[in-house]
There are 2 protein chains.
Amino acid sequence: MATLDDIAKMAGVSATTVSRVINNYGSLSEKTKTKVFAAMKELNYQPNSLARSLKGKKTQLIGIILPGVGNPFFGQMVQEIEDQLFKKGFRIILCNAGNDAEKERAYLRMLMANRVDGIIAGSHNLNIEEYQKVGLPIISFDRYLSENIPIVSSDNYHGGQLAALSLLAAGSKKLQIITGANRPNSPTNNRLSGFQEVLNRQNLDFKLLEIPFSSSPNIKGLKIKELLAKRDADGIFCTDDLTALLVMQQAKELDIKIPEDLKLIGYDGTNFIQNYHPELTTIMQPISDIVTMMIDLLLKRIDDPDCKLESNYTLPVKLITGATTI
Amino acid sequence: MATLDDIAKMAGVSATTVSRVINNYGSLSEKTKTKVFAAMKELNYQPNSLARSLKGKKTQLIGIILPGVGNPFFGQMVQEIEDQLFKKGFRIILCNAGNDAEKERAYLRMLMANRVDGIIAGSHNLNIEEYQKVGLPIISFDRYLSENIPIVSSDNYHGGQLAALSLLAAGSKKLQIITGANRPNSPTNNRLSGFQEVLNRQNLDFKLLEIPFSSSPNIKGLKIKELLAKRDADGIFCTDDLTALLVMQQAKELDIKIPEDLKLIGYDGTNFIQNYHPELTTIMQPISDIVTMMIDLLLKRIDDPDCKLESNYTLPVKLITGATTI
DNA sequence: TTTGTTTTGTCAAACGTTTGACAATTATAA
DNA sequence: TTATAATTGTCAAACGTTTGACAAAACAAA
């Protein structure tokens, strides 16, 4: 691959001049500039960003740590992150951590080794200490990581409230919530709390089914089938849309009619769900705004590592009413 | 961040020795090794990979260029790529090119600048020349890029045949295919050809509806509705599963019963579809095998840039029969 | 012409590693 | 004890840039 020196020789100038052209530094005549640009084009030259970064420039790389991009929610989020960061001249290193703490740790090390400018993290199998040691600007999605790492999330509590209210409004009496197993610091806890609060206020009761996040869809489906077979719920809130799809699937098998026999509401409201399952009522997280906010904060931190940021940024959710709660 | 010298000082050895420990080069006593490792741990040291790569080591970075990770197919593929590459010690830079040639070009330049070890590309808005100029090991998914860039794909032709055969076996007489607009070099062309071949052989006719890839789901839905409203097809092959979902959606609206009035078969067979729409008959691409193959070839090329590879590697597809063709 | 300004060049240090040559020290075996 | 091998150290060059100091050259204006 061509180097600075190759360009310098070809353009008949010094290496310093070429560097000046690239960095637009010092004073340069139009003539030299065109000569240099011509040589760069001719040799298809790309400045070695390793060398540049070593010399102190930013790498323009951001690490993205998420549970996994196979899930439409995180898929859309990554797409959005990529899109917005690209426009600002950054590239992303994608890290699917799943729920593998060892992998997440390894990635954290690698991101340090690669001298990324910052990290957006939405998957957290590690303890606080490990995140504190990283020493890079980090923004967290939806989970507490450590002192001084801002959390951006949507209003999970209000989302839970909305879900309860819309099931009640649709006439449900016997409410059921299906959620991931209650881990500390999990955002789904707040969805549950919001839901709970509405019902408590009206002196109403509800049933709770917890299914571990890591369960396969088949397992989840089975547990849901068991639940539905009892036929003692007429309104279900799933704390994510995919689980709601499983409910629809199982309900069909058991010949339970939605919305006639059962009202259903999900959570997330990805483009995918809106396009391919518009019938599902859901609480939409404003993914695009969340991403904009995270990037905004991250770039601020990159610019000034000591800048003070809030510890929480909560964005509003929106109820999207479909046919499952009519 | 700690550097080699910091470690050397802390461990009371020379920088060279530390480097030797890290690279396991030269002869070293256990005692020194433990001292050095202790210092590394103490300071949470990560060798600066910029400096290492600059000095000639590989970057262990692979560029992934795809249309976009919001789509479940590519989502799963990226996840698989990430997973397999991680195990081999590589990290990925994710590039969603969409159908934006300018963006793809910019990414290609950036990947060169970052000195990635290789590229996996599955999105191709650019002409051959531009890919040839890159001068890095590249493997292509499912599309012709340029001389000497191997293509890994599933057996699209056979997939098309399978689709036709299973619609016929299910008793369909009036066949319809819905596919992305026919671009040259697109793999969906082969799916069409396989489909066609089966019907030709039996002297049967079929209708063709082309909808540009870039159309929004709403637009696609409208065109499908129009089509279904004519009610002159009783078997439809969609060259991707998402379009098949739209057909199901529109059919429901028009009160066309699947599979009673209409047989339906999709294409791709992602985990997502298998988990959340098991009723859909589809042709499954072996994503995991495709990825394994691509990575295998890519690493070969990285190891030996001049190694001879086939120009095509075709992996078998599998019919997954659901309720939509019974 | 002189003076001043703009452009370009030379040189060198720095970023954090790796690696080779070579020497010095220590440990082990005969 | 000496000979040999293993270990560690010093030194320096290299990777491809950026950036500053400084000087030389080119050009313009007075």
Rounded off to whole Å, could you give me the CG-to-C1' distance for the Leu4(A) and dC15(D) pair?
13 Å
Report the distance from atom CG of Leu54(B) to atom C1' of dT18(C), rounded to the nearest whole Å.
11 Å
Rounded to the nearest angstrom, tell me the gap between atom OH in Tyr25(A) and atom P in dT17(D).
17 Å
Less than 4.0 angstrom from a charged side-chain N to a carboxylate O is my criterion; do Asp5(A) and Lys9(A) meet it?
no
Heavy atoms from C-beta onward define the side chain here; which of dG16(C), dT19(C), dT17(D) lies closest to that of Ser19(B)?
dT19(C)
Kindly say whether the aromatic ring centers of Phe272(B) and Phe272(A) come within a distance under 6.0 Å.
yes
What nucleotide among dG9(C), dT18(C), dT17(D) has an atom nearest to a side-chain atom of Asn23(B)?
dT18(C)
Rounded to whole Å, please give me the gap between CD in Gln46(A) and P in dC15(D).
20 Å
Separation of dA6(D) atom P from Lys33(B) atom NZ, nearest Å, is 14 Å
Which part of the nucleic acid does Ser29(B) contact within heavy-atom distance under 4.0 Å: base, sugar-phosphate only, or nothing?
sugar-phosphate
Can you figure out which of dT17(C), dG9(D), dG20(C) approaches the side chain of Arg20(B) most closely?
dG9(D)
Would you call Glu30(B) and Lys33(B) a salt bridge, taking side-chain N to carboxylate O under 4.0 Å as the test?
yes
At less than 3.5 Å, do the side-chain atoms of Lys55(A) and the base atoms of dT17(D) form a donor-acceptor pair?
no
Without decimals, in angstroms, what is the distance between Lys31(A) NZ and dT8(C) C1'?
11 Å
With respect to the side chain of Thr17(A), which nucleotide from dT8(D), dG9(C), dT17(D) is positioned closest?
dG9(C)
The residue among Thr59(B), Leu299(B), Ile81(B) that forms side-chain contact (heavy atoms from CB on, under 4.5 Å) with Phe90(B) is Leu299(B)
Taking the side chain of Arg52(B) as its heavy atoms from C-beta onward, which of dT18(C), dT18(D), dT10(C) lies nearest to it?
dT18(C)
Taking atom types as they are modelled, would you say the side chain of Thr16(B) forms a donor-acceptor pair with the base of dC11(D) within the 3.5 Å cutoff?
yes
Atom CG of Leu28(B) and atom P of dA27(C) are separated, to the nearest Å, by 16 Å
Would you call Lys103(B) and Asp83(A) a salt bridge, taking side-chain N to carboxylate O under 4.0 Å as the test?
yes
Rounded distance in Å - CG (Asp5(A)) to P (dT10(C)):
11 Å
Counting only side-chain nitrogens and oxygens, does Tyr45(A) get under 4.0 Å of the OP1 or OP2 atom of dT17(D)?
yes
Is the phosphate of dT7(D), meaning OP1 or OP2, less than 4.0 Å from a side-chain N or O of Ser27(B)?
yes
